[in-house]
Amino acid sequence: MSDFVYVDGRGLDTDAAYRLIIGCVTPRPVAWITTVDAQGRVNAAPFSSYNYVSTSPPMVAVNIATRAGAVKDTARNIQASGEFVVNVATEACMDLMHRCGEDYAPDVSEADALGIELLPSRQVAPPRIAVTPVQMECRLDQAVVLGRGVNTLYIGEVVAFHLSPQVYDGQRIDSVKLRPIARLGGPYYAGLGEIFHRPMLQRPPGGEGWAGSTFSPSIDKKDLA
Ligand SMILES: Cc1cc2nc3c(=O)[nH]c(=O)nc-3n(C[C@H](O)[C@H](O)[C@H](O)COP(=O)(O)O)c2cc1C
């Protein structure tokens, strides 16, 4: 016997599924993504359905939903240009980042409207957000339309990292100095709480003895019995 609430995920409507999944998958890092539209306007918007998904080469993925059936500006720009920059959101820029989540008209640049200071990128057209200490220039690798078509997963190769010496010592990024912000369920964010240490139990990828796996081609759902 259990007093757990059971929810059948099959056929859940989008709103109910959203409410549940953002509470289940938490905390989430926030990618503050810059893109450029066909007129050269700089768009900036936050996304927390985001993570790294590959190290060889480095890749990140972000899920962008449609808004009332229409493609969001960030998705439109990525589709058209194949380029975006992930600026890592931190405590210092939380409020500015949060305001970029507002629904600005497609022809309005959040960067202009909010006076966001930008820095040029080296390999892609979208600029970087100066107030963030870590920025990743990305080139679209693939866009995967998911499920019923509301969500599309944009997978990008990180073609350049920009790392502030305030958080990077040449080897590692110091998470405490970075002060990343996390998105929780509902209108909540969190900073780093207590930090726990445990010894590493495996060699990191690329370490000696890690020859790379020969296992496992990609699996498509339609190929499963
Ligand atoms: C912290 C935060 C995280 C968000 N994460 C996502 C997300 O992962 N996917 C998404 O489609 N929208 C997400 N949003 C909403 C978008 O930021 C919002 O729809 C924004 O207006 C999109 O801007 P754009 O049309 O300029 O691309 C998030 C908003 C906030 C404040």
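When a ligand or atom number is given, it counts from 1 through the structure's own listing order.
- Checked by distance only, ligand 1 and R183 stay at 3.5 Å or farther apart across all their nitrogen or oxygen atoms.
- Of the protein's non-hydrogen atoms, S49 N, 2.8 Å is the one closest to atom 8 (O) of ligand 1.
- The environment of Q39 atom CD is dense: over 12 non-hydrogen atoms of other residues, nucleotides or ligands sit within 6.0 angstrom.
- Of the heavy atoms in N43, only side-chain atoms (C-beta onward) come closer than 4.0 Å to ligand 1.
- The local environment of CZ in R139 is crowded, with over 12 non-hydrogen atoms from other residues, nucleotides or ligands closer than 6.0 Å.
- Each of the atoms 11 (O) of ligand 1 lies under 4.0 Å from some heavy atom of I64.
- The only option from D107, D73, N77, N43 that meets the side chain to side chain contact (heavy atoms under 4.5 Å, CB included) definition with D37 turns out to be N77.
- Atom 16 (C) of ligand 1 has as its closest protein heavy atom P46 O, 3.7 Å.
- If you look at V62 next to ligand 1, there are no close heavy atoms at all, none under 4.0 Å.
- Residue, atom and distance of the protein heavy atom nearest to atom 9 (N) of ligand 1 are N63 O, 3.0 Å.
- Pairing each heavy atom of V159 with each of Q123, the nearest pair is O-NE2, 2.9 Å.
- Near T74, the atoms of ligand 1 lying under 4.0 angstrom from a non-hydrogen atom of the residue are 24 (P), 27 (O).
- Protein heavy atom in closest approach to atom 5 (N) of ligand 1: S48 N, 2.9 Å.
- In terms of N/O distances under 3.5 Å, ligand 1 is approached by A65.
- Surrounding CG of L192 are more than 12 heavy atoms belonging to other residues, nucleotides or ligands, all under 6.0 Å away.
- For ligand 1, the polar-atom distance check against H98 finds no nitrogen or oxygen pair separated by under 3.5 Å.
- The number of heavy-atom neighbours closer than 6.0 Å to CZ of R28, taken from other residues, nucleotides and ligands shown, is above 12.
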Mind listing the side-chain donor-acceptor pairs of residues 124-133 below 3.5 Å, one per line with the distance, residues two or more places apart or on another chain?
| from | atom 1 | to | atom 2 | distance (Å) |
| --- | --- | --- | --- | --- |
| R128 | NE | P120 | O | 3.0 |
| R128 | NH1 | Q135 | OE1 | 2.8 |
| R128 | NH1 | H162 | ND1 | 3.2 |
| R128 | NH2 | P120 | O | 3.0 |
| T132 | OG1 | I129 | O | 2.8 |
| T132 | OG1 | Q135 | NE2 | 3.3 |

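- Under a 4.0 angstrom heavy-atom cut-off, E102 registers as being in contact with ligand 1.
- Here the heavy atom of the protein found nearest to atom 23 (O) of ligand 1 is A45 CB, 3.3 Å.
- Take R67 and apply the salt bridge (charged side-chain N to carboxylate O under 4.0 Å, His left out) test, not counting sequence neighbours, and it matches D103.
- At a heavy-atom cutoff of 4.0 Å, ligand 1 is contacted by the side chain of Y189 but not by its backbone.
- Interatomic distance, D174 CG to R179 CZ, rounded to the nearest 0.5 Å: 10.5 Å.
- A cation-pi arrangement is not found for R183 relative to Y188, the charged atom failing to lie both closer than 6.0 Å to the ring centre and inside a 45° cone about the ring normal.
- Between the choices R67, R28, R99, K72, the shortest heavy-atom distance to atom 21 (O) of ligand 1 belongs to R67.
- Less than 4.0 angstrom separates some heavy atom of G101 from each of these atoms of ligand 1: 17 (O), 18 (C), 20 (C), 21 (O).
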Evaluate the criterion side-chain contact (heavy atoms from CB on, under 4.5 Å) for residue pair T74 and F84; output intermediate values, then yes/no. CA-CA 8 Å; T74 302; F84 59 103; 5.9 Å; no
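- Ligand 1 has E110 within reach: a non-hydrogen atom of the residue lies less than 4.0 Å from it.
- The protein heavy-atom contact nearest to atom 7 (C) of ligand 1 is F47 CD2, 3.5 Å.
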